[in-house]
Every structure is written in C-alpha cells, then in structure tokens.
Amino acid sequence: MRRYKLHILGVSESRWTDSGRITTRTGETTLYSGRVDGHHHEEVAIILKKGMAKYLMEWKPINSRLIMAWLKGKEVSMTILQCYAPTNDSSEEKKDAFYEQLQQEIDKTPKHDIKIIMGDMNAKVGSSNTHYERAMGNHGCGNMNENGERLAELCTTNNYVIGGTIFPHRHIHKLTWCSPNQRDKNQIDHIMINGMWKRSLLDVKVKRGADVGSDHHLVTADIKLKLRANGKNTRSWKQFDIEKLKESNVRKEYTTLTRNRFKILENLNDEDDTETIDDKWEKISEIFTKSADKSIGFKQKQKHKDWITPRT
C-alpha cells in the first residue's frame with residue numbers, strides 16, 4: 001500500500017474467520033468480514049491507510065462475501081462495497097443469493113455518495129459493450145461469460161460503470177488473473193463507480209509488481225473528486241419601480257388603494273375568527289402587492305450600455 005501510495009485497499013478471499021476491526025503496528029486500519037462456522041474460506045476485508053480511520057463513519061460486515069465501509073468526505077461521502085463473487089461454475093442458487101444481497105446493499109447506500117463496488121467478481125465482461133454501452137466501454141479483455149452478463153446487468157440497472165473497460169491500456173495492464181499453468185489469463189477483478197461520478201474516475205490499471213503469493217494481480221484506480229458546476233440562474237425577478245413614489249400623485253394613489261383594501265380586510269376579519277397567522281399574512285402581502293402593481297408598476301429592463309462610445 002505504501003509503495004503504490006494506496007489510501008484504500010480491498011482484499012478478496014482473505015480467509016479470516018468471523019469479523020472485526022484491528023489496527024496494525026504501522027497504523028493501518030483493517031476491517032474484515034468472514035464466515036462464522038470457522039471455515040477459512042471466502043472472506044473479504046478493507047484496509048485503510050494510516051490516518052484515514054478518522055474519516056470512517058460506519059462499516060458493516062455483511063457476510064463472508066461482502067463488506068461495506070462509509071467514509072466522510074469534505075463535500076461528498078464515499079460508500080465502498082468490497083466483494084468476492086462466486087465463480088462462474090458455482091451453482092445458480094449461490095450466484096443468485098450473492099447478487100440479491102449486493103442489490104439490497106446498493107439500495108441502502110445514500111443517493112448522492114460516491115459509490116464504489118470492487119473486488120474479485122469472477123466475471124469476464126469482454127471487449128464488446130453491445131447492449132451494455134451505458135455500463136462499460138470497449139477496452140475490456142476476452143469474451144463475456146455468464147457472470148459477466150450478471151455484472152453488466154447489475155451495473156446497467158443501477159447506473160454503474162465498469163472502470164477496467166473504459167481506459168485503453170495494454171493487455172498486460174488489464175488482465176487481473178493468471179492460472180497456475182500460466183496459460184489462461186482473464187480480467188475478472190473489477191472496480192465500478194456510480195455513473196454520477198464517472199468523471200471522477202481518472203484511471204484503472206493493473207499493477208503486476210505487487211506480489212503477495214496470489215494468482216491475482218493488484219487492480220488500482222485513481223479517483224479525484226470533481227464537483228459539477230451549478231447552472232446559471234435563469235429565473236428573472238420583477239422589481240417594483242419604487243422611485244415613482246417620490247411623485248405626489250403616484251404616492252397618493254398607492255396610499256388610497258392600500259387603505260381601501262385594508263378596510264375591506266378588517267370587515268372580513270370580523271366575520272371569520274378561524275384564520276391563522278399565516279392566512280392573515282398572505283392577505284396582507286397580497287394587499288401591498290396588488291396596490292403596488294396597479295399604482296407603481298415594475299421597473300423596465302435596462303438595456304446594456306457600452307462602457308466606451310464608438311466615437312471614443
């Protein structure tokens with residue numbers, strides 16, 4: 001993590017049982033979620049760089065294949081879901097259960113967060129994005145398998161983008177898994193971001209120098225927070241031309257109209273005792289507005305005046 005300057009590291013198949021939170025001697029915070037039956041199988045973890053624990057608002061060990069962490073940001077927060085999906089050869093029941101649980105967790109995440117789904121998805125999404133243009137690019141590897149279809153469908157439904165398919169890199173920097181016989185190589189580990197923050201994802205690349213005795217390679221993502229600019233306010237506000245009140249005849253007309261309207265309001269109030277303060281305020285506001293509209297009028301929109309004359 002220190003060599004590659006990683007702030008957050010997701011681990012799939014950590015093989016730690018139960019769940020918990022520990023701090024290393026060098027200051028990193030490790031959150032892990034494993035099986036409760038004592039079997040050292042599956043399990044996931046999230047490791048935070050030293051000093052990042054203060055941004056951790058909440059974390060949840062969901063099961064042995066899913067863990068969630070919620071980090072507070074300055075302008076917007078970040079929700080991370082670390083996954084370890086069943087292999088393509090697993091039973092349909094296992095795969096259905098995993099994706100149903102993942103969908104439930106996605107539905108619970110705050111709407112405006114940066115949302116990251118990452119981990120060993122055991123899914124080949126391929127290099128063709130036909131029918132899935134919204135969820136992926138055409139820079140993937142190989143051909144899509146059944147798990148790849150499930151992942152692409154999930155991303156399309158929830159407006160996520162598969163980061164490893166939208167950046168052009170050499171295959172050596174996209175292939176994430178190599179079989180023990182060194183013949184089969186696939187792109188099955190993925191990092192996904194919700195479409196609202198797609199432009200904050202600057203790059204996704206495989207780093208082959210991180211050797212931890214695994215047949216998977218480290219997949220890294222550069223994420224930079226970019227805030228969308230607010231649109232220009234096109235709403236126009238009308239203003240009363242109160243300068244006209246300096247004219248005696250206009251001022252007299254406005255005063256007369258306002259006084260007459262208030263007399264009518266007094267008579268109505270005598271007949272109705274059920275009015276609230278808000279109702280009375282609405283009527284008073286309406287009196288001033290209608291009187292001003294009839295006697296004073298609104299300011300005319302000023303034409304743009306050149307700061308320098310043509311003669312000059």
task = Take K244 and E247 through the test salt bridge (charged side-chain N to carboxylate O under 4.0 Å, His left out) and record every step on the way to the result.
result = CA-CA 6 Å; K244 288 184 178 180; E247 301 174 20; over 6 Å; no
inquiry  = Test side-chain contact (heavy atoms from CB on, under 4.5 Å) on H39 and T17; report intermediate values, then the result.
reply    = CA-CA 7 Å; H39 291 288; T17 59; over 6 Å; no
ask   = Would N138 and S127 count as having a side-chain donor-acceptor pair, cut-off 3.5 Å?
value = no
key: Co-membership, hydrophobic cluster, residues Y55 and M68, 4.5 Å side-chain   = no
query = Should the pair F240 and F298 be assigned to parallel (<30°), tilted (30 to 60°) or perpendicular (>60°) ring geometry?
reply = parallel
request  = Go through the steps for R35 and E42 under the test salt bridge (charged side-chain N to carboxylate O under 4.0 Å, His left out), then give the verdict.
outcome  = CA-CA 8 Å; R35 295 171 68 105; E42 300 166 359; 3.5 Å; yes
query = Can you find a side-chain donor-acceptor pair between N181 and S179 that sits under 3.5 Å?
reply = yes
inquiry  = Within the structure provided, determine whether T30 and W16 are in side-chain contact (heavy-atom separation under 4.5 Å).
reply    = yes
Donor-acceptor pair between E253 and T255 side chains, under 3.5 angstrom = no
query = Just checking, any donor-acceptor pair under 3.5 angstrom between side chains of Q103 and N158?
reply = yes
message = Are more than 12 heavy atoms, taken from residues, nucleotides or ligands other than I242, located less than 6.0 Å from that residue's CD1 atom?
response = no
key: Linked, directly or transitively: L66 and M192 (ILVMFWY side chains, under 4.5 Å)   = yes
Nearest heavy atoms of K111 and K115, plus distance in Å = O-NZ, 3.8 Å
task = Report the C-alpha separation of K174 and H139 in whole Å, then their side-chain angles, then the decisive distance to 0.1 Å, and conclude whether the side-chain contact (heavy atoms from CB on, under 4.5 Å) test is met.
result = CA-CA 9 Å; K174 290 190 286 187; H139 294 292; 4.2 Å; yes
message = Within the structure provided, determine whether N194 and V161 are in side-chain contact (heavy-atom separation under 4.5 Å).
response = no
message = Please evaluate residues S12 and Q82 with respect to the criterion side-chain hydrogen bond (donor to acceptor under 3.5 Å, both in side chains), reporting the C-alpha separation (whole Å), side-chain torsions for both, the decisive distance (0.1 Å), and the verdict.
response = CA-CA 8 Å; S12 297; Q82 173 66 24; 2.9 Å; yes
inquiry  = If you apply the rule salt bridge (charged side-chain N to carboxylate O under 4.0 Å, His left out), what do you find for E146 with K95, and how did you get there?
reply    = CA-CA 10 Å; E146 184 187 344; K95 290 190 276 190; 3.5 Å; yes
request  = Evaluate whether atom CZ of R251 has more than 12 neighbouring non-hydrogen atoms of other residues, nucleotides or ligands under 6.0 angstrom away.
outcome  = yes
query = In terms of ring plane angle, is the pair H169 and F167 parallel, tilted or perpendicular, where the classes change at 30° and 60°?
reply = tilted
query = So do the side chains of R65 and C83 get within less than 4.5 Å of each other, counting heavy atoms only?
reply = no
message = Measuring only between side-chain heavy atoms, which start at C-beta, is Q187 closer than 4.5 Å to K124?
response = no
inquiry  = Checking V76 against W197 for the side-chain contact (heavy atoms from CB on, under 4.5 Å) test, could you report, in this order, the C-alpha distance in whole Å, the side-chain angles of both residues, the deciding distance, and whether it holds?
reply    = CA-CA 11 Å; V76 64; W197 298 99; 3.8 Å; yes
query = Between NZ of K60 and CG of L31, what distance do you get to the nearest 0.5 Å?
reply = 14.0 Å
ask   = Just by distance, with hydrogens left out, do E153 and Y132 show a side-chain donor and acceptor under 3.5 Å apart?
value = yes
query = Just checking, is any N or O donor in the side chain of D189 or H217 under 3.5 Å from an acceptor N or O on the other one?
reply = no
request  = Could you walk me through whether R21 and L56 pass side-chain contact (heavy atoms from CB on, under 4.5 Å), step by step?
outcome  = CA-CA 12 Å; R21 170 178 176 170; L56 182 66; 3.7 Å; yes
key: Chi angles and distances behind the salt bridge (charged side-chain N to carboxylate O under 4.0 Å, His left out) call for E286, R261   = CA-CA 10 Å; E286 186 179 358; R261 291 176 188 274; over 6 Å; no
request  = Spell out, as yes or no, whether a donor-acceptor pair under 3.5 Å connects the side chain of S285 to the backbone of E282.
outcome  = no
Hydrophobic cluster identity match, I62 and W59, side-chain contacts under 4.5 Å = no
task = Count the heavy atoms of every other residue, nucleotide or ligand shown that sit under 6.0 Å from CG of D203, and state whether that count exceeds 12.
result = yes
ask   = Out of V204, L9, I8, which residue meets the side-chain contact (heavy atoms from CB on, under 4.5 Å) rule with M118?
value = I8
query = For Q104 and E100, does a side-chain donor sit closer than 3.5 Å to a side-chain acceptor?
reply = no
message = Counting C-beta onward and ignoring hydrogens, is there a side-chain heavy-atom pair between Y84 and N122 closer than 4.5 Å?
response = yes
query = Is there a path of hydrophobic side-chain contacts, each under 4.5 Å between heavy atoms of I, L, V, M, F, W or Y residues, that connects I47 with I80?
reply = no
inquiry  = Quick check on the hydrophobic clustering: are I296 and F262 connected, directly or via other members, by side-chain heavy-atom contacts under 4.5 Å?
reply    = yes
ask   = Is the shortest heavy-atom distance from the side chain of I114 to the side chain of I116 under 4.5 Å?
value = yes
key: Check: H190 main-chain N/O paired with D120 side-chain donor or acceptor under 3.5 Å   = no
query = Do S14 and E43 meet the criterion of a side-chain donor-acceptor pair at a distance under 3.5 Å?
reply = no
query = Quick one: does V11's side chain get under 4.5 Å of V44's, heavy atoms only?
reply = no
D96 with R150: basic N within carboxylate O range, under 4.0 Å = yes
key: Heavy-atom pair with the smallest gap, counting every atom of L201 and G163   = CD2-CA, 3.7 Å
message = Taking the side chain as everything from C-beta on, heavy atoms only, tell me whether C141 gets closer than 4.5 Å to H171.
response = yes
